[in-house]
**Q** 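Take this structure, written in structure tokens, and hold onto it; I'll ask about it next.
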Amino acid sequence: MSLARVHNFSISLDGFGTGEGLSRDAPFGHAGERLHQWMFTTRFWHEMTGRPGGTSGLDDAFARQFDPGIGAEIMGAGKFGYPGWHEDPDWKGWWGPNPPFHTPTFILTHHPRASIEMEGGTTFHFLDVSPAEALETAREAADGQDVRIGGGPTVVRDFFAAGLIDRLHVVVAPILLGRGVRLWDGLEGPEKDYEVEAASSPSGVTHVTFTRAGL
């Protein structure tokens, strides 16, 4: 069976995966871009955004695991758009006409709408179902490849709590946010079922991976 994977999910030292005060102008609220600065300097990110240069090394190596072997993505409504996007029939996500997913992408929302076909192979589908049902649907669409659980923190937490994630890569950024949405709230003892590894990067972040025991 294909795996359910999370990659490059950044949190603060106090566990927040996004800030407070999300809006169309502030996708991560008061956190701004601070959670993801480590990625913006990598060669992987420069290549994605059509720029030369960028750093190699540990951060780049982890960032590059985002795409290989992925056949579908699941994300929450809060990753797809700003609060209230469901009231805008023209909203098609943050990423322009050619989003970086290039696979069937399933949005978990209480406000489903018709699917949206984008450039580059991304098609957005909107589901109001449980995590297990969403994963089953995404696996069918992935055609034997893995499914990426894209976030935000509530979606990752719900899938992790349900035992549905096979590999979780969390990047702990050396900042304190103080408020927002935490990743770990309500979770206890996942290390019993996962092998946990941590690697510190010269950029100041720590890469923590949870891999289901036996994989």
**Q** Take Ser10 and Trp38 through the side chain to side chain contact (heavy atoms under 4.5 Å, CB included) test and state the conclusion after the steps.
**A** CA-CA 9 Å; Ser10 300; Trp38 69 272; 2.9 Å; yes
**Q** Can you find a heavy atom in the side chain of Leu22 that is under 4.5 Å from one in the side chain of Pro27?
**A**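 A side-chain contact is absent here, since even the closest heavy-atom pair is not under 4.5 Å.
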**Q** Working to the nearest 0.5 Å, report the span between CG of Asp59 and CZ of Phe40.
**A** 12.5 Å
**Q** Say you draw a straight line from CG of Asn8 to NE2 of His207; how long is it, rounded to the nearest 0.5 Å?
**A**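 Separation between the atoms: 8.0 Å.
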**Q** Does any N or O in the side chain of Arg212 come within less than 3.5 Å of the main-chain N or O of Ile165, such that one atom is a donor and the other an acceptor?
**A**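 Yes.
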**Q** Same hydrophobic cluster for Ile11 and Ile149, using side-chain heavy-atom links shorter than 4.5 Å among ILVMFWY?
**A**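 Yes, Ile11 and Ile149 fall within the same hydrophobic cluster.
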**Q** Given side chain to side chain contact (heavy atoms under 4.5 Å, CB included), test Thr137 with Val129 step by step and report yes or no.
**A** CA-CA 10 Å; Thr137 299; Val129 297; 5.8 Å; no
**Q** Determine, using the 4.5 Å side-chain heavy-atom cutoff (strictly less than), whether Val147 and Val170 are members of one ILVMFWY cluster.
**A** yes
**Q** Inspect the surroundings of CG in Asp128 and state if more than 12 heavy atoms from other residues, nucleotides or ligands are less than 6.0 Å away.
**A**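 For Asp128, atom CG is crowded (more than 12 foreign heavy atoms under 6.0 Å).
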**Q** Do Phe159 and Leu108 touch side chain to side chain, with heavy atoms closer than 4.5 Å?
**A**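 Counting from C-beta outward, Phe159 and Leu108 do come under 4.5 Å.
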**Q** Centroid separation under 6.0 Å, is that true for the rings of Tyr82 and Trp91?
**A**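 Aromatic pair counts; centres sit under 6.0 Å.
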**Q** I'd like to know whether the aromatic ring centres of Phe28 and His36 sit less than 6.0 Å apart in this structure.
**A** yes
**Q** I need the minimum non-hydrogen distance between Val156 and Leu168, along with the two atoms involved.
**A**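 Taking every non-hydrogen atom into account, CG1-CD1, 4.0 Å.
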**Q** Please step through side-chain hydrogen bond (donor to acceptor under 3.5 Å, both in side chains) for the pair Ser12 and Asp14, ending with a clear verdict.
**A** CA-CA 5 Å; Ser12 62; Asp14 45 351; 2.5 Å; yes
**Q** How about Phe62 and His169: are their ring centres within less than 6.0 Å of each other?
**A** yes
**Q** Let me see the working for Thr211 and Thr209 under side-chain hydrogen bond (donor to acceptor under 3.5 Å, both in side chains), right down to the final yes or no.
**A** CA-CA 6 Å; Thr211 304; Thr209 58; 4.7 Å; no
**Q** Go through it in stages, so that I can follow the logic: the residues are Arg43 and Asp60, the test is salt bridge (Lys or Arg N to Asp or Glu O under 4.0 Å), and I'd like the CA-CA distance, side-chain angles, deciding distance and then a yes or no.
**A** CA-CA 6 Å; Arg43 186 169 299 172; Asp60 186 62; 5.8 Å; no
**Q** Show your reasoning for whether salt bridge (Lys or Arg N to Asp or Glu O under 4.0 Å) applies to Arg167 and Glu195.
**A** CA-CA 9 Å; Arg167 187 173 189 274; Glu195 297 175 0; over 6 Å; no
**Q** Do Glu73 and Lys79 have side chains that approach each other closer than 4.5 Å (heavy atoms only, starting at C-beta)?
**A** yes
**Q** Is it possible for you to say whether Leu35 and Leu176 belong to one hydrophobic cluster, with membership spreading through side-chain heavy-atom contacts below 4.5 Å?
**A** no
**Q** Quick one: are Phe126 and His111 in side-chain contact, heavy atoms under 4.5 Å?
**A** no
**Q** side-chain hydrogen bond (donor to acceptor under 3.5 Å, both in side chains) with Ser2: which of Arg139, Glu140, Gln145?
**A** Arg139
**Q** Verify the ring-centre separation between Tyr194 and Phe160: is it less than 6.0 angstrom?
**A** yes
**Q** Show, in sequence, the C-alpha distance, side-chain angles and deciding distance for Asp67 and Arg148, and conclude whether the side chain to side chain contact (heavy atoms under 4.5 Å, CB included) test is met.
**A** CA-CA 9 Å; Asp67 194 53; Arg148 185 172 51 235; 4.2 Å; yes
**Q** Between Phe210 and Trp184, is the ring centroid distance below 6.0 Å?
**A** yes
**Q** Fit a plane to each ring of His125 and Phe106, take the angle between them on a 0 to 90° scale, and name the class: parallel (under 30°), tilted (30 to 60°) or perpendicular (over 60°).
**A**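 Taking Phe106 first and then His125, their aromatic rings lie parallel (interplane angle under 30°).
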**Q** Are more than 12 heavy atoms from other residues, nucleotides or ligands located less than 6.0 Å from atom CD of Glu136?
**A**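 For Glu136, atom CD is not crowded (no more than 12 foreign heavy atoms under 6.0 Å).
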**Q** Could you check whether any side-chain heavy atom of Phe124 comes within less than 4.5 Å of a side-chain heavy atom of Pro99, counting everything from C-beta outward?
**A**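 Counting from C-beta outward, Phe124 and Pro99 do come under 4.5 Å.
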**Q** When you look at CD of Glu197, are more than 12 heavy atoms from neighbouring residues, nucleotides or ligands closer to it than 6.0 Å?
**A**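 12 or below, so no.
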**Q** Would a distance-only check, ignoring hydrogens and angles, find a side-chain to backbone donor-acceptor pair under 3.5 Å from Thr42 to Trp45?
**A** yes
**Q** Report the C-alpha distance between Phe101 and Phe66 in whole Å, list the side-chain angles of each, state the deciding distance to 0.1 Å, and finish with yes or no for ring pair (Phe, Tyr, Trp, His ring centres under 6.0 Å).
**A** CA-CA 10 Å; Phe101 310 109; Phe66 171 83; 7.1 Å; no
**Q** Under the salt bridge (Lys or Arg N to Asp or Glu O under 4.0 Å) criterion, do Lys92 and Glu117 qualify, and how do the steps go?
**A** CA-CA 10 Å; Lys92 297 180 180 179; Glu117 186 172 349; over 6 Å; no
**Q** Within the 4.5 Å heavy-atom criterion, are Leu13 and Ile175 side-chain neighbours or not?
**A** no
**Q** Linking I/L/V/M/F/W/Y whenever their side-chain heavy atoms sit closer than 4.5 Å, directly or via other members, would Phe80 and Leu127 fall into one cluster?
**A**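 Cluster IDs for Phe80 and Leu127 differ.
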**Q** Between Phe9 and Ile74, is there a shared hydrophobic cluster once you connect ILVMFWY residues whose side-chain heavy atoms come closer than 4.5 Å?
**A** yes
**Q** Given side chain to side chain contact (heavy atoms under 4.5 Å, CB included), test Asp166 with Arg5 step by step and report yes or no.
**A** CA-CA 6 Å; Asp166 299 296; Arg5 297 159 36 190; 5.7 Å; no
